[in-house]
Amino acid sequence: MTIQIGDRIPAATLAQATADGPKPVSTAEIFNGKTVALFAVPGAFTPTCSARHLPGFKDHLQDIRDKGVDTVACISVNDAFVMKAWADSQGIDDDSIVMLADGNGELTRALGLVLDGSGFGLGERSQRYSMLVKDGTVTQLNIEQGGEFKVSSAEHLIAQL
């Protein structure tokens, strides 16, 4: 079942790239006591994700923070090394957007937001979405229809803040 507004983010362990290698990070560490704008992409380095989705959140980072968001985070079913390389290629530094790797799709499955990309040789990935999470509870959820890029954009989320 897909997560809904009013639901709590389930417990899961993700990974973040650090100078010492991948570091496990729990959903509790990310979401508890904070307001988080989370957006998910089907894959790092993929066309829409690289040309529009991540750049939109980078370009509007201060606008989002000005609306009371503590953390802006990007998640993908990729490993921490890929997420770090993608962040570097996009000019994302450690003080801007938190890049989260859901390498095994643990959180993506728990959220009910798996995208079957096997027809394109991608395996299981995440659907494209954005959400606002306040102290671990989803307050806004914007899930894209297949192949679209509208409601998960930074601009759409800002209008909801």
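The structure presented is a predicted model; accordingly, all values stated were derived computationally and were not measured. All values below were derived from every heavy atom in this structure, side-chain atoms included, with hydrogens, water molecules and symmetry-related copies excluded.
- Both Val36 and Ile75 belong to a single network of hydrophobic side chains, linked directly or stepwise wherever heavy atoms of I, L, V, M, F, W or Y lie under 4.5 Å apart.
- One hydrophobic cluster, built from ILVMFWY side chains closer than 4.5 Å, holds both Ile143 and Leu111.
- Of the possible donor and acceptor atoms, one in the side chain of Arg109 sits under 3.5 Å from a partner among the backbone N and O of Gly105.
- Here the OG atom belonging to Ser76 is positioned 11.5 Å from the CG atom belonging to Leu14, to the nearest 0.5 angstrom.
- Side chains of Thr137 and Arg8: a donor-acceptor N/O pair is present below 3.5 angstrom, by distance only.
- Of the possible donor and acceptor atoms, none in the side chain of Asn78 sits under 3.5 Å from a partner among the backbone N and O of Gly43.
- One distance of note links CG of Asp93 with CG of Asp95; it measures 5.0 Å at 0.5 Å rounding.
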For this session: Evaluate the side chain to side chain donor-acceptor pair (under 3.5 Å) criterion for residues Ser130 and Asn142: first the C-alpha distance (whole Å), next the side-chain angles of each, then the deciding distance (0.1 Å), finally the verdict.
Result: CA-CA 5 Å; Ser130 68; Asn142 309 299; 3.0 Å; yes

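- Remark: Lys67 does not engage Asp63 in a salt bridge, criterion side-chain N to carboxylate O under 4.0 Å.
- Scanning both residues, Cys74 and Val41, for their nearest heavy atoms gives SG-CG2, 4.2 Å.
- Gln90 places a side-chain N or O within 3.5 Å of a backbone atom of Ser50 that can act as its donor or acceptor partner.
- At least one donor-acceptor pair under 3.5 Å links the side chain of Ser89 to the backbone N or O of Trp86.
- Checked by atom type and distance alone, the side chain of Arg128 never pairs as donor or acceptor with a backbone atom of Val151 at under 3.5 Å.
- A donor-acceptor distance shorter than 3.5 angstrom exists from the side chain of Asp102 to the backbone of Glu106, with no hydrogens or angles considered.
- Within 6.0 Å of the NZ atom in Lys34, the count of heavy atoms belonging to other residues, nucleotides or ligands exceeds 12.
- Under the 4.5 Å side-chain contact rule for hydrophobic residues, Val98 and Leu61 do not share a cluster.
- Contact record, Gln127 with Glu144: OE1-O, 4.2 Å, taken as the closest heavy-atom pair.
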Exercise. side-chain contact (heavy atoms from CB on, under 4.5 Å) between Asn32 and Asp135: does it pass, once the steps are laid out?
Worked result: CA-CA 5 Å; Asn32 290 356; Asp135 193 24; 4.3 Å; yes

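- Hydrophobic clustering of Ile, Leu, Val, Met, Phe, Trp and Tyr side chains at less than 4.5 Å, counting indirect connections, unites Ile64 with Met99.
- Residue Ala17 comes nearest to Ala80 through the heavy atom pair CB-O, 3.6 Å, listed as atom of the first residue, atom of the second, then distance.
- Considering only heavy atoms from C-beta on, His60 comes within 4.5 Å of Ile158 through its side chain.
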Problem set entry | Met131 vs Ile9, side-chain contact (heavy atoms from CB on, under 4.5 Å): CA-CA, chis, key distance, verdict | CA-CA 11 Å; Met131 66 170 66; Ile9 295 291; 3.7 Å; yes

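- Judged by distance alone, the side chain of Ser126 and the main-chain N or O of Val114 form no donor-acceptor pair under 3.5 Å.
- Annotation: the span from Leu157 atom CG to Leu161 atom CG amounts to 5.0 Å, rounded to 0.5 Å.
- The aromatic ring centroids of Tyr129 and Phe39 lie 6.0 Å or more from each other.
- The two atoms that bring Ile97 and Lys58 nearest to each other are CD1-N, 3.7 Å, heavy atoms only.
- Within the 3.5 Å criterion, the main-chain N or O of Ser26 finds a donor-acceptor partner in the side chain of Glu29.
- Residues Met83 and Asp79 fail the side-chain proximity criterion, which asks for heavy atoms closer than 4.5 Å.
- Dense packing is recorded around CG of Asp59, with more than 12 heavy atoms of other residues, nucleotides or ligands lying under 6.0 Å away.
- Remark: the backbone N or O of Pro47 is not paired with any side-chain donor or acceptor of His53 at under 3.5 angstrom.
- Dense packing is recorded around CZ of Phe45, with more than 12 heavy atoms of other residues, nucleotides or ligands lying under 6.0 Å away.
- Val138 and Leu132 are not part of a single hydrophobic cluster, where members link through side-chain heavy atoms under 4.5 Å apart.
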Problem set entry | Audit row: Phe57, Ser96, side-chain contact (heavy atoms from CB on, under 4.5 Å) steps and yes/no | CA-CA 10 Å; Phe57 278 89; Ser96 59; over 6 Å; no

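- Around atom CD of Gln145, no more than 12 heavy atoms belonging to other residues, nucleotides or ligands sit under 6.0 Å away.
- Here the shortest heavy-atom pairing between Ala44 and Val82 reads CB-CG1, 3.7 Å.
- Pairing each heavy atom of Ala73 with each of Leu100, the nearest pair is CB-CD1, 3.9 Å.
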